[in-house]
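What you see is a predicted model; the values in this text were computed from it and never measured.
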Amino acid sequence: MAIEMSADAFEELVNDALDTVPDELFALLDNCIIVIEDDAPADDPQLLGLYEGIPLTERDSHYGGVLPDQIRIFRNPTLAICDTFEDVVDEVHITVVHEIAHHFGIDDDRLHDLGYA
């Protein structure tokens, strides 16, 4: 059974997770926005988060004039896999860190090794 949570309460958890990112790393987020959406894309409805953009490790001197990268966090799929409020807090934190790591060029295998997959 999925836990219920308002969009505002979920957004607060995302903000709390962002607050745990060290200031030094957060300051390095470059041309990247974080958005919260209710549902994941139809082709992957169980997805909890998604990074879309060009990781910092792949940017070169030709990088410029591009739309911001996006980190998308999906509320309903996250709530669907959680049984308790604490589960939601944990999943949101893991997802936020996971997607920020992609912005820094860290792949899924390494994130798995670090416990963020």
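In this structure, Arg75 contributes its side chain and Met5 its backbone to a donor-acceptor pair below 3.5 Å. With hydrogens and angles ignored, the 3.5 Å screen pairs a side-chain donor or acceptor of Asp87 with a backbone N or O of Thr84.
Annotation: side chain of Phe10 is not in contact with side chain of Asp38 (no heavy-atom distance under 4.5 Å). By the 4.5 Å heavy-atom criterion applied to side chains, Ile106 and His98 are not counted as neighbours. Put simply, the side chain of Val92 reaches to within 4.5 Å of the side chain of Val96, judged on heavy atoms. Residues Asp109 and His112 are not in side-chain contact: their nearest non-hydrogen atoms beyond the backbone lie 4.5 Å or more apart. Taking the side chain as every heavy atom from C-beta outward, Pro41 and Phe74 approach each other to under 4.5 Å. Using a 4.5 Å cut-off on side-chain heavy atoms (C-beta onward), His102 and Leu111 make contact.
Atom CZ of Arg72 is separated from atom CD1 of Ile33 by 10.0 Å, given to the nearest 0.5 angstrom. In this structure, Thr95 OG1 and Asp90 CG are separated by 10.5 Å, a value rounded to the nearest 0.5 Å. How far CD of Glu52 is from CG of Leu67: 11.5 Å, rounded to the nearest 0.5 Å. To the nearest 0.5 Å, atoms CG (Asp16) and CD (Glu11) are separated by 10.5 Å.
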*asked:* Evaluate Asn76 against Asp39 for side-chain hydrogen bond (donor to acceptor under 3.5 Å, both in side chains), listing each step before the verdict.
replied: CA-CA 6 Å; Asn76 289 331; Asp39 298 307; 2.8 Å; yes
_If you apply the rule side chain to side chain contact (heavy atoms under 4.5 Å, CB included), what do you find for Leu28 with Glu24, and how did you get there?_
CA-CA 7 Å; Leu28 295 174; Glu24 299 82 12; 6.0 Å; no
*Where do Val66 and Arg59 land on the side chain to side chain contact (heavy atoms under 4.5 Å, CB included) test, with the steps shown first?*
CA-CA 11 Å; Val66 299; Arg59 296 180 186 180; over 6 Å; no
*List the steps and the verdict of side chain to side chain contact (heavy atoms under 4.5 Å, CB included) for Leu48 and Ile81.*
CA-CA 10 Å; Leu48 305 183; Ile81 66 166; 3.7 Å; yes
_side chain to side chain contact (heavy atoms under 4.5 Å, CB included) between Ile100 and Leu18, intermediate numbers included_ = CA-CA 9 Å; Ile100 288 173; Leu18 289 169; 3.8 Å; yes
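Cluster annotation: Tyr51 is connected to Phe26 through the hydrophobic network of ILVMFWY side chains, with a link wherever side-chain heavy atoms come within less than 4.5 Å. Residues Leu56 and Ile34 are members of one and the same hydrophobic cluster, defined by side-chain heavy-atom contacts under 4.5 angstrom among Ile, Leu, Val, Met, Phe, Trp and Tyr. When the side chains of ILVMFWY residues are joined at heavy-atom separations under 4.5 Å, either directly or via intervening members, Ile73 and Val35 end up in two distinct hydrophobic clusters. In the hydrophobic clustering of this structure, Val21 groups with Leu29; members are Ile, Leu, Val, Met, Phe, Trp, Tyr whose side-chain heavy atoms approach within less than 4.5 Å, directly or through other members.
Contact between Phe104 and Thr57 at its shortest, heavy atoms only, is O-CG2, 3.3 Å. Between Leu79 and Val88, the shortest heavy-atom contact is CD2-CG2, 3.8 Å. Closest heavy-atom contact between Pro45 and Ala40: O-CB, 3.8 Å.
Counting non-hydrogen atoms of other residues, nucleotides and ligands closer than 6.0 Å to CZ of Phe85 gives a total of 12 or fewer. Within a 6.0 Å sphere centred on CD of Glu12, other residues, nucleotides and ligands contribute 12 heavy atoms or fewer.
No side-chain donor-acceptor contact under 3.5 Å links Asp30 and His103.
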